[in-house]
Amino acid sequence: MIAKKLLLAGMALFAVVSASARPINVSGLITVKDTNEEASGASIIDANTNKLVGVAGEDGRYNITVDSDAELIFRFLGAEEQKEKVKGRHILNVELMPLTTYLTEVAVSAKGGKKATMSVDPTDLDLDGNTLHFKTKVKLPKHMMNADRRLIVQPAIYNVTKNHVSYLKPVVLDGWHYAATQERMYDWDKSLDSLTISQQIRRGSKESDNILYVLDSLYVANPKDDFIGYVISSLEDYNKVLYRDTFEIARGTVNPLRFLNYSVVPQPVKENKYFPTPEVELRDTKGEMNLVFPVGKSKLDLSLGNNSAELNALIAEFNLIHNSPDMSLKSFSINGYASPEGRYETNQALAEERMRSAMETVTSSIDPSLRRNAELTSYASVAPWEQVVVMMRADGLDNEADKVQDILYNLKNNDSRSIQIAKLPFYRSLIVEKYLPRLRRVNYNITTSVYRPLNDEEIADLYNKNPKGLTKYQYYRYYSTKQGEEREKALRQAVETYPDFVVAATDLAEIMINKGENAVPVLEPFFEDRSKWNRLPEATRLDMAIAYMKEMQYAKADEILETLYDNNETHKAKIYAAAQNGRYQDVIQEINEDSPLNEVLLLLATKNNHEAYEKSKGLGNSAVEMYVKAVAANRLNNYEEATVLLNKAFELDPSLRETAKVDGDVLDLLEDNDTNNTDEL
């Protein structure tokens, strides 16, 4: 009975303890003892789950969410591994112990015959997104350095693909006497020495070797390029160069995240405010009225002839405009022509009076609101006698037309012409009765703005006749009804016609990305001004980022995605762009859970090589997984195993050999393998 009570009490105590454990946020600073170096990129592993849970930022700080009773493992290149129990603490600062470094020494002969040795740590060119990190350590033996010497260490990265050398920030070590002499020589103006900004002054004991740390980075436009890391060194005194050498310390880039397995989906524009809207279209309506005026009178009499019917037909057109919510009157002009018989000036004045009378009659008959913003004009003129000649010839009366033409040719004065033409024998019976009435006419022109979008059939007809004649709205309506090649063709024409058509450009980019094509040139013009990014549609920014990710421009993709809210459509792109741009700490736990392959890749990226190797054993047998297994094995110097795995990867996917040629993780295996094959031949 007592034993049972003790057992129950123990179980209750266990339940209380278990219940007390909870997820908490833990943050802190990781440094290296003695050097006070901030452990940028240090890895944090949950010892209970053996999962990578965080990575320190550039300043050595971290922020993770773990169980309050978790035990954490802190790892950093060049420092001893350290375990710390959380014990419910929210702040946990860690100081790592530095490892003893064993340097490979390169023997050289200095001038004067004295034996000298200088050594440089081999390193990796680690690639975070588009940033290539260069980190190494240089040792200059104590007997090579004295107070009167200067050592210059110039790191450089050679882009083999583009045959271009980039020089990084140099490191300079001056003996104290050399530094003082330099200052005096330049009259204390240090700015005249371009190396001053990189200067360190040796003031310590002559009994210790000189250790210089070279830390720098380089932005690279194309992470697929092949790179070599160099250190160029020069030791000099006041008079001459004592020693010079160049060390190749790295070949290829270390970038396991090139194999991250994820899917991001481009989107079309969905926000209505970006869609083009129908544009105002000007429509012209032309017509002619047969108005009759009393002889010699200017006032319009609606009781004469068909004046009333003619006017009613015109008023009906105005009523149609007035009653249409999509139309407005822009202008109305009326043009009257008088026949040329009699005195010209009298005819001109009479014509003008008649047009004013006609305009007053018309405008008084239409709604004031319709004509409020319209431009109303009238024009009057006397029809020339030449028009009579044209009408006669059209009727086959060439003889009569020739007689009139002779008068016009010989006389230039309009009044003299009228007098002579009136004397022709056929004047009254033909000219007066048949042709002069046809010269007395009134034309009108109505211009309206129509705010009515064309229907799909009208737009398709316009597209077939003249694709470049469509408005943005009409293009949008047209390509929205199409699929496949027809849609893509219309989108390309829309973007070509309107380079600022962001909706069409985004929709075209979506198609291109899904087809595996490079969509960067289509969208990049919209991102030239950083201050305007937030005004662009969400889909435009997402698709631009995805296009950059496809082209391995991770830094640009990450920068653009930072402007987007985290939602279902943007989430995957945001976390994988961040990871490939080196911002592991924000996304590491989620990516770990996506797939076993991704977890191994992040362990490799954060230099947790032992865990990466163990977890890689659980991967499948695809070409990429075999390749990643080879990387993990090679990291632990299991060369034979790594070579076998790498060859299996090449058998499954020969294109991986091209990747291996620039991959610092397996380049040595590839070179050894190629050498062995050559030897066999």
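Worth knowing before you read on, the calculation uses all heavy atoms, side chains too, and leaves out hydrogens, waters and symmetry mates.
Ion pairing between Glu517 and Arg492 holds under the 4.0 Å rule for side-chain N and carboxylate O. Glu496 and Lys468 are joined by a salt bridge, as a carboxylate oxygen and a charged side-chain nitrogen come within less than 4.0 angstrom of each other. A salt bridge between Glu569 and Lys270 is present, with a side-chain N of the basic residue lying under 4.0 Å from a carboxylate O of the acidic one. Ion pair Lys273/Glu271 not flagged as a salt bridge, since none of the NZ, NE, NH1 or NH2 atoms sits closer than 4.0 Å to an Asp/Glu carboxylate oxygen. Using a 4.0 Å cut-off between charged nitrogen and carboxylate oxygen, Lys607 and Asp124 count as a salt-bridge pair. Salt-bridge formation is detected for the pair Arg583/Asp558: a Lys NZ or Arg NE/NH1/NH2 atom is positioned less than 4.0 Å from an Asp or Glu carboxylate oxygen. Taking the charged nitrogens against the carboxylate oxygens, Asp663 and Arg258 do have a contact shorter than 4.0 Å, which makes a salt bridge. Between Asp456 and Arg477, at least one side-chain nitrogen of the basic residue sits less than 4.0 Å from a carboxylate oxygen of the acidic one, meeting the salt-bridge criterion. A salt bridge links Lys472 with Asp500: at least one charged nitrogen is closer than 4.0 Å to a carboxylate oxygen. Of the charged side-chain nitrogens involved, none lies within less than 4.0 Å of a carboxylate oxygen, so that Lys482 and Glu488 do not count as a salt-bridged pair. Between Asp665 and Arg635 there is a salt bridge, with a side-chain nitrogen of the basic residue lying less than 4.0 Å from a carboxylate oxygen of the acidic one. Between Glu81 and Arg75 there is a salt bridge, since a side-chain N of the basic residue sits under 4.0 Å from a carboxylate O of the acidic one. We find that Lys51 and Glu611 are not joined by a salt bridge, their nearest charged nitrogen and carboxylate oxygen being 4.0 Å or further apart.
Side-chain contact between Phe527 and Thr540 is present, with at least one heavy-atom pair separated by less than 4.5 Å. Within the 4.5 Å cutoff, the side chain of Phe134 has no heavy atoms near those of the Leu218 side chain. At least one side-chain heavy atom of Val666 sits less than 4.5 Å from a side-chain heavy atom of Val631. Side-chain contact between Leu127 and Val254 is absent, with no heavy-atom pair separated by less than 4.5 Å. Contact check for Tyr473 versus Tyr478: no side-chain heavy atoms found under the 4.5 Å cut-off. Two residues are said to be in side-chain contact when any heavy atoms from C-beta on lie closer than 4.5 Å; Thr643 and Leu645 fail this criterion. Side-chain contact between Arg657 and Thr659 is absent, with no heavy atoms from C-beta onward closer than 4.5 Å.
Using modelled atom types and a 3.5 Å distance limit, the side chains of Asp121 and Thr123 yield no donor-acceptor pair. Remark: the Asn567 side chain and the Thr570 side chain contain an N/O donor-acceptor pair separated by less than 3.5 Å. Defined by atom type and a distance below 3.5 Å, a donor-acceptor pair is present between the side-chain atoms of Tyr475 and Thr497. Using modelled atom types and a 3.5 Å distance limit, the side chains of Asp594 and Tyr576 yield a donor-acceptor pair. For the residue pair Asp225/Asn159, the side-chain donor-acceptor check at 3.5 Å is satisfied. Side-chain contact check for Asn634 and Tyr639: no donor-acceptor pair (N or O, by modelled atom type) lies under 3.5 Å. A donor-acceptor pair shorter than 3.5 Å can be found between the side chains of Tyr554 and Gln580. Under 3.5 Å, the side chains of Tyr463 and Gln474 contain no donor-acceptor pair of N or O atoms. At a cut-off of 3.5 Å, with distance as the only test, a side-chain donor of Tyr613 or Glu641 sits close to an acceptor on the other residue. Remark: the Glu625 side chain and the Ser622 side chain contain an N/O donor-acceptor pair separated by less than 3.5 Å.
Note: Ser68 OG to His90 NE2 = 8.5 Å, rounded to the nearest 0.5 Å. We find the CD-CG distance between Glu614 and Leu636 to be 8.5 Å, quoted to the nearest 0.5 Å. Atoms NZ and CG, from Lys629 and Leu619 in turn, are 6.0 Å apart once rounded to the nearest 0.5 Å. In this structure, the separation between CG on Leu92 and NZ on Lys87 is 10.5 Å, given to the nearest 0.5 Å. Remark: Glu538 CD to Asp543 CG distance equals 10.0 Å, nearest 0.5 Å. One distance of note links CG of Leu72 with OG of Ser43; it measures 12.5 Å at 0.5 Å rounding.
Side-chain atoms of Arg541 never come within 3.5 Å of backbone atoms of Leu561 as a donor-acceptor pair (strictly under, hydrogens ignored). For Ser217 (side chain) and Leu132 (main-chain N/O), no donor-acceptor pair under 3.5 Å exists by modelled atom type. Proximity of a side-chain donor or acceptor of Arg487 to a complementary backbone N or O of Gly484 within less than 3.5 Å is not detected. Judged by distance alone, the side chain of Asn598 and the main-chain N or O of Asn592 form no donor-acceptor pair under 3.5 Å. One N or O on the side chain of Glu458 and one on the backbone of Asn455 form a donor-acceptor pair closer than 3.5 Å. A donor-acceptor pair under 3.5 Å links the side-chain atoms of Lys574 to the main chain of Leu564, judged by distance alone.
For Gln82 against Glu95, the heavy-atom pair with the smallest separation is OE1-O, 2.9 Å. The heavy-atom pair separating Met552 from Asn130 by the smallest distance is O-ND2, 2.9 Å. Pairing each heavy atom of Glu651 with each of Pro654, the nearest pair is O-CD, 4.3 Å. Shortest non-hydrogen contact noted between Ala660 and Phe650 is CB-CZ, 3.7 Å. Closest of all the heavy-atom pairs between Ala56 and Ile44 is N-CD1, 4.4 Å. Closest approach of Val153 to Val231, counting heavy atoms only: CG1-CG1, 3.5 Å.
Residue Asp226 is tested with Lys661, Arg251, Lys162 for a salt bridge (charged side-chain N to carboxylate O under 4.0 Å, His left out); the sole match is Arg251.
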Between Asp128 and His133, does the side-chain hydrogen bond (donor to acceptor under 3.5 Å, both in side chains) criterion hold? Intermediate values first, please.
CA-CA 8 Å; Asp128 287 338; His133 296 282; 3.2 Å; yes
Go through the steps for Glu524 and Tyr548 under the test side-chain hydrogen bond (donor to acceptor under 3.5 Å, both in side chains), then give the verdict.
CA-CA 10 Å; Glu524 205 165 35; Tyr548 275 138; 2.7 Å; yes
Going through the checks in order, is the side-chain hydrogen bond (donor to acceptor under 3.5 Å, both in side chains) test met by Asp653 and Ser655?
CA-CA 5 Å; Asp653 183 359; Ser655 68; 2.6 Å; yes
Show your reasoning for whether side-chain hydrogen bond (donor to acceptor under 3.5 Å, both in side chains) applies to Tyr230 and Gln154.
CA-CA 8 Å; Tyr230 289 101; Gln154 173 64 68; over 6 Å; no
Would Phe227 and Tyr158 count as a ring pair (Phe, Tyr, Trp, His ring centres under 6.0 Å) if you check the C-alpha gap in whole Å, the side-chain angles of each, and the deciding distance to 0.1 Å?
CA-CA 6 Å; Phe227 297 92; Tyr158 173 51; 9.2 Å; no
Please step through side-chain contact (heavy atoms from CB on, under 4.5 Å) for the pair Val214 and Asp216, ending with a clear verdict.
CA-CA 7 Å; Val214 182; Asp216 208 347; 5.6 Å; no
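Within a 6.0 Å sphere centred on OH of Tyr219, other residues, nucleotides and ligands contribute more than 12 heavy atoms. The 12-atom threshold is exceeded at CZ of Phe275, counting heavy atoms of other residues, nucleotides or ligands nearer than 6.0 Å.
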